[in-house]
Peer 1: 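The structure that follows is given in the form of structure tokens.
Reckoned from all heavy atoms, side chains included, excluding hydrogens, waters and symmetry mates. Quantities reported herein were computed from a predicted structural model and do not represent experimental measurements.
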Amino acid sequence: MTDFLLERSPAHALLADGTTVCIRPVTPGDHDRLKGFYDEMSSENLRLRFFSASRRSGATAADRACAPARPGYRALLAEAQGRVLGLAEYESGDDKESAEISIAVADGLHHRGVGTLLVEHLVSVARADGVTVFTADALSENREVLRLFADLGLRTSRRFEGPETRCTIHLDEDDAYLSAVESRGRSADVASLVPLLRPDVVAVVGAGRTPGSVGRAILHHLHSGGYTRRLFAVNPNVTSVLGVPSYPSVRALPKTPDLVIIAVSAAGVPACAEECGKAGVRALVVVTAGLDAAQSRALLAACRTYGMRLVGPNCLGVSDTDPQLRLDATFAADHPRPGSAGVAVQSGGVGIALLDGLSRLGIGVSSFVSLGDKYDVSGNDMLQWWEADGRTDLALLHLESFGNPRAFSRTARRVARRMPVLTVDAGRSQEGRRAAASHTAAAATPTMTRQALFDQAGVTATRSVGELLETAALLYSQILPEGTRTAIVTNAGGAGVLAADACAEAGLTLPQFTPGAVDELAVVLPDGASFGNPLDVTAAVSEEELRRCVDRLIQNPGVDAVLVVLVPTAVATATGDDLIRALTWAPGRRTKPVAAVRLEQDLPVKLLPALDDGTIPSYAEPQAAARALAHAARRAAWLARPAGTVPALDDVDTLRARALSDAYLTAHPDGGWLDPRTCAELLACYRIPQIRWAWAETEDEAVHAAERLRGADGRVVMKAHWPGLLHKSEEHAVHLDLRGEQQVRAAFRDLETRFGGLMTGAVVQPLADRGTELFAGVVQDEVFGPLVLFGLGGTATEVLADHAARLAPLTDHDVHDLITAPRCAPLLFGTHGNGPVDLERLEQLLLRLSRMAADLPQLAEADFNPVLAAPGGVTVLDARLRLLPRHSQDPYLRRLR
């Protein structure tokens, strides 16, 4: 039976009202508290739970829950500050796949989500134990528990038996269940952030009299920014700081703060957090840096014990520009401009740059959170807040790490359907890359892993803060293009060439105009205009001529976006500002995106006011404009595509695969690379096609194998094997094109002679038919989970590095992207007279590889190289699998970091 994961790490999670509880297994030491939990229950609550109001039922239940561990029984309790809030348990009988479940919640705590949260965690544990169905008996009048089961999001049926109802709950993890869990988590998360971002009472601890201190700067920002609610300072030496009343301690405050900003020394942070928790504070922002490991643990423990949400430590602070609140609890140089962009960053310096840039552009900020070391509140939390706040329409993130990438991916996918989500892809390089254990590990760079996450989630990933602001300016001000077809208009030929190069490098296309379109443009442009793309309107173009030109390009069905590149000249009858004005009142401007480039511009990007109260982005470099348009086109394409689904694979044998994995790790506790026979068995569980092969440990066995396997042309391949052998070609451990008994014997003797001290046997295969050699693999990332890679295979896999990657589980769209993304993709669809490979079976191979990785967290690496793809099928010619003793962790289970 799978280890009870929560025994090692109790989980903290949020109830429906945003309060924090701890979910953990029951231990024998909980007996007295559980008995007290039942003793305090009302008679009616006892009757609904036990079908009897007898107090002895509670004592018996406590005895059962706290008895020594036994197979088939699990019990979880929810607690807060030492008080038991609820208990959920299940017990299976002879049928190990079915278990009876029961739930009890303390009086006064119903309708807060205690029972639902416990059941979600119990479902996760049960799945790991192989339980597929819960059953439960409830009194038909117990509407609360019946509603709990019905609202879980799991497939549930009821059977009425007199005064009782028999419920059957199927534990399949499908999208309906994940969406239900997500919805509950979202509402709880938003509720928990209200004290942080909409506090009625704020206190600053560490606001001293000395100018220049961080605490004093934050208090000044709150006070001068016009915070509209109650504000206090905590300083035992003064009664007022900057005109704000000061008290000696948090406990001495006349009203308990919702939010406390802590700006004291690292040594004083844990005690301050503990005091805040005991006083009933709901949220902390710790700006202090330099906490050691013990101080960090104590800070987080206080937050979890008392249910406080935490931003930081080592952060810039938080802001919310709602005019009814005007909260600026930061020590940035200036107050953020109110607006519609939500910003969350880990780096304080990046945060200051983004606040300044967004204010300068006029976009402004709805709320800003400097996450710092991100002990608790994360980018995932902020996405959910912005989704619900009614004020944010642009989300900007700068994340250096991910706590739960798969949960982030689901949230980002949902939020990105409603608003652009932009990020800086920080930490792309990896100095001194390690020597990889396999082709798969060599290909799986950190950049590729993060890019897979961003691509699948619809997140617009930029390479710098500057590019982030450039892209935000366009997405904020312009409609999305329907495609990549871009018309360039310029009053200087050389500038147009620069813009054309920038567009091509960014992946935009420059369509040539039809004769009809040229005729329309010729009517409105001055003599000497050149009607290619770029469209050179000459230095003599007037404001009115340029306006009419842009208007006709916007109406052209063959154009998706217009880029106007202007330079000041002595010839022009209109000034540069006049020409820009032509863009701001073109009648059709709002139907397609329009961007300007002014090479003399002093700032990298500006938003210029338009006559319809909108704005036009103006860039100092054509590269910046082209990048922004390309990001907008990719977002439009992502939005236009329906959300993918994970195809069902009904013919896989997951239980057999897990048994094989468990058996191997029992025999090899440290894990390792599977031998060919075990590897083939595991692949067979997922119907992954392998070329026929045989195992030979002697020369005679090799000859017999060759006779059985040789194809029509009589040729076979022989590959040496020993534990840890990965790159057979590099070790010269492969013999190809063997014909007849003598060559087979000679090949085996050669391998045995050269690798006699290592070789445990040889694999004999028929020589494969012709086809395209591909590569497919999996790496289990410790943070991101399984990453599926695909690309060109053969001996040059790592040299050519023609790979694409997506995070598992793969949807149908993910598989399509994997196949079409590598540079070798044209080979798969037929080139130079060759027909296309069997794309359907190639998709199936990748889906089955993804399913195996998702089912088996112990699968550290899978390396299929080469995979032979031909019109008649797809076959794995060489497969290597490595298992490690890893425990599964449910990535979608509701819990705090």
Peer 1: Quick test of your reading of the model: are Arg55 and Asp39 salt-bridged, counting only N-O distances below 4.0 Å?
Peer 2: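 Judged by the 4.0 Å cut-off on N to carboxylate O distance, Arg55 and Asp39 do not form a salt bridge.
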Peer 1: For the atom pair CG (Leu856) and CG (Leu883), what is the distance rounded to the nearest 0.5 Å?
Peer 2: 7.5 Å
Peer 1: How about Thr305 and Met308: do any of their side-chain heavy atoms sit closer than 4.5 Å?
Peer 2: no
Peer 1: Is the backbone of Pro405 close enough, under 3.5 Å, to the side chain of Ser409 for a donor and an acceptor to pair up by distance?
Peer 2: no
Peer 1: Spell out, as yes or no, whether a donor-acceptor pair under 3.5 Å connects the side chain of Ser661 to the backbone of Ala657.
Peer 2: no
Peer 1: Quick one: do Asp30 and Arg33 make a salt bridge, cutoff under 4.0 Å?
Peer 2: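 Judged by the 4.0 Å cut-off on N to carboxylate O distance, Asp30 and Arg33 do form a salt bridge.
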Peer 1: Take Ser378 and Asn380 through the test side-chain hydrogen bond (donor to acceptor under 3.5 Å, both in side chains) and record every step on the way to the result.
Peer 2: CA-CA 5 Å; Ser378 67; Asn380 203 41; 5.3 Å; no
Peer 1: Between Glu89 and Arg49, is the closest basic N to carboxylate O distance under 4.0 Å?
Peer 2: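 Looking at Arg49 and Glu89, the cut-off is met.
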Peer 1: Using a 6.0 Å cut-off, check whether atom NE2 of His813 has over 12 heavy atoms from anything other than its own residue.
Peer 2: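 For His813, atom NE2 is crowded (more than 12 foreign heavy atoms under 6.0 Å).
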Peer 1: Is there a donor-acceptor contact under 3.5 Å from the side chain of Thr645 to the main chain of Pro647?
Peer 2: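 Not confirmed, Thr645 side chain does not pair with Pro647 backbone.
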Peer 1: Taking only residues at least two apart or on different chains, which pairs with a member in residues 96-107 satisfy salt bridge (charged side-chain N to carboxylate O under 4.0 Å, His left out)?
Peer 2: Glu100-Arg166
Peer 1: CD of Glu840: more than 12 outside heavy atoms within 6.0 angstrom?
Peer 2: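 Open.
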Peer 1: Going by heavy atoms in the side chains, are Ser192 and Arg282 under 4.5 Å from each other?
Peer 2: no
Peer 1: Would you check, one step at a time, whether the test salt bridge (Lys or Arg N to Asp or Glu O under 4.0 Å) holds for Arg304 with Asp376?
Peer 2: CA-CA 10 Å; Arg304 293 292 178 254; Asp376 177 26; 3.3 Å; yes
Peer 1: State, to 0.1 Å, how close Leu146 and Cys167 come at their nearest heavy-atom pair, and which atoms those are.
Peer 2: CD2-SG, 3.6 Å
Peer 1: Are Val133 and Arg155 close enough, and set up right, to give a side-chain contact (heavy atoms from CB on, under 4.5 Å), and what steps lead you there?
Peer 2: CA-CA 10 Å; Val133 173; Arg155 186 162 49 94; over 6 Å; no
Peer 1: Would you mind reporting whether Val119 and Leu148 have side-chain heavy atoms less than 4.5 Å apart?
Peer 2: yes
Peer 1: Please confirm whether the backbone N or O of Leu846 pairs with a side-chain atom of Ser850, one donor and one acceptor, at under 3.5 Å?
Peer 2: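 Checked: no pair found.
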Peer 1: Considering only NZ, NE, NH1 and NH2 on the basic side and carboxylate oxygens on the acidic side, decide whether Arg309 and Asp189 come within less than 4.0 Å.
Peer 2: yes
Peer 1: Would a 4.5 Å heavy-atom cut-off, applied to side chains only, mark Met382 and Leu197 as touching?
Peer 2: yes
Peer 1: Give the intermediate values and the outcome of salt bridge (Lys or Arg N to Asp or Glu O under 4.0 Å) for residues Asp817 and Arg641.
Peer 2: CA-CA 12 Å; Asp817 290 345; Arg641 188 170 68 174; 2.9 Å; yes
Peer 1: Answer yes or no: is there a side-chain heavy-atom contact under 4.5 Å between Leu881 and Leu859?
Peer 2: yes
Peer 1: So, for Met41 and Val105, which heavy atoms are closest and what is the spacing to 0.1 Å?
Peer 2: CE-O, 3.8 Å
Peer 1: Please find the pair of heavy atoms, one from Asp393 and one from Met419, that lie closest to each other, and give the distance.
Peer 2: O-CB, 3.4 Å
Peer 1: Would Arg658 and Asp653 pass as an ion pair if we require N to O under 4.0 Å?
Peer 2: no
Peer 1: Side chain of Ser43, backbone of Ala53: donor and acceptor closer than 3.5 Å?
Peer 2: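 Here the side-chain-to-backbone pair does not exist.
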Peer 1: Apply side-chain contact (heavy atoms from CB on, under 4.5 Å) to Val190 and Glu387, showing your working.
Peer 2: CA-CA 9 Å; Val190 170; Glu387 182 184 19; over 6 Å; no
Peer 1: Work out which heavy atom in Ala407 is nearest to a heavy atom in Tyr892; give both atom names and the distance.
Peer 2: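 Minimum heavy-atom contact is N-CE2, 4.4 Å.
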Peer 1: I need the Arg24 CZ to Leu76 CG distance, nearest 0.5 Å.
Peer 2: 10.0 Å
Peer 1: Is there a donor-acceptor contact under 3.5 Å from the side chain of His121 to the main chain of Arg894?
Peer 2: yes
Peer 1: Can you tell me how far the CG atom of Leu139 sits from the CG atom of Asp137, to the nearest 0.5 Å?
Peer 2: 9.5 Å
Peer 1: Sequence neighbours excluded and cut-off under 3.5 Å, please list the side-chain donor-acceptor pairs for residues 681-689, or say none.
Peer 2:
residue, atom, partner, partner atom, Å
Glu681, OE1, Arg656, NH2, 2.7
Tyr686, OH, Asp855, OD2, 3.0
Arg687, NH1, Ala684, O, 3.0

Peer 1: Going from CD on Gln456 to CG on Leu453, what distance comes out if it is rounded to the nearest 0.5 angstrom?
Peer 2: 7.5 Å
Peer 1: Stepwise, does the side-chain hydrogen bond (donor to acceptor under 3.5 Å, both in side chains) test hold for Thr411 with Arg186?
Peer 2: CA-CA 9 Å; Thr411 299; Arg186 181 165 66 249; over 6 Å; no
Peer 1: Check step by step if salt bridge (Lys or Arg N to Asp or Glu O under 4.0 Å) holds for Glu161 and Arg159.
Peer 2: CA-CA 6 Å; Glu161 300 174 350; Arg159 187 174 72 249; 2.5 Å; yes
Peer 1: side-chain contact (heavy atoms from CB on, under 4.5 Å) between Leu117 and Val21: does it pass, once the steps are laid out?
Peer 2: CA-CA 10 Å; Leu117 187 60; Val21 296; 3.6 Å; yes
Peer 1: Regarding Glu141 and Arg47, does a basic nitrogen lie under 4.0 Å from an acidic carboxylate oxygen?
Peer 2: yes
Peer 1: Write down the atom of Leu118, the atom of Ala78, and the distance for their closest heavy-atom approach.
Peer 2: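 So the two residues come closest at CD2-N, 3.8 Å.
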Peer 1: Output yes when a side-chain donor or acceptor of Ser187 lies under 3.5 Å from a complementary backbone atom of Arg184, and no otherwise.
Peer 2: yes
Peer 1: Holding to ring pair (Phe, Tyr, Trp, His ring centres under 6.0 Å), I want the full list of residues that pass it with His668, two or more places apart in sequence or in another chain.
Peer 2: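 Tyr664.
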Peer 1: Are any non-hydrogen side-chain atoms of Phe134 and Leu154 less than 4.5 angstrom apart?
Peer 2: no
Peer 1: What's the shortest heavy-atom distance between Tyr38 and Leu46, and which atoms?
Peer 2: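 In this case the closest contact between Tyr38 and Leu46 is O-CD2, 4.1 Å.
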Peer 1: Would you say the side-chain atoms of Asn404 pair up with the backbone N or O of Pro891, donor to acceptor, closer than 3.5 Å?
Peer 2: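 Looks like yes, one N/O pair under 3.5 Å.
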Peer 1: Does some side-chain heavy atom of Glu91 sit less than 4.5 Å from a side-chain heavy atom of Arg74?
Peer 2: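 SC-SC contact between Arg74 and Glu91 ruled out.
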Peer 1: So, do Gln844 and Leu847 sit near enough that their side-chain heavy atoms are less than 4.5 Å apart?
Peer 2: yes
Peer 1: Mind checking whether Tyr73 and Tyr90 have ring centres under 6.0 Å apart?
Peer 2: no
Peer 1: Taking the side chain from Asp814 and the backbone from Thr811, do they hold a donor-acceptor pair closer than 3.5 Å?
Peer 2: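 Yes, because the side chain of Asp814 sits within donor-acceptor range (under 3.5 Å) of the backbone of Thr811.
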Peer 1: Once rounded to the nearest 0.5 Å, what's the spacing between atom SG of Cys679 and atom CZ of Arg882?
Peer 2: 13.5 Å
Peer 1: Inspect the contact between Arg198 and Asp389 and indicate whether a charged nitrogen and a carboxylate oxygen are less than 4.0 angstrom apart.
Peer 2: no
Peer 1: Examine Arg417 relative to Trp638 and say whether NZ or CZ is less than 6.0 Å from the centre of the six-membered ring and inside a 45° cone about the ring axis.
Peer 2: yes
Peer 1: Mind checking the CG-CD spacing from Leu152 to Glu120? Nearest 0.5 Å is all I need.
Peer 2: 7.0 Å
Peer 1: Determine, stepwise, if the pair Val26 / Arg64 fulfils side-chain contact (heavy atoms from CB on, under 4.5 Å).
Peer 2: CA-CA 10 Å; Val26 174; Arg64 180 179 66 251; over 6 Å; no
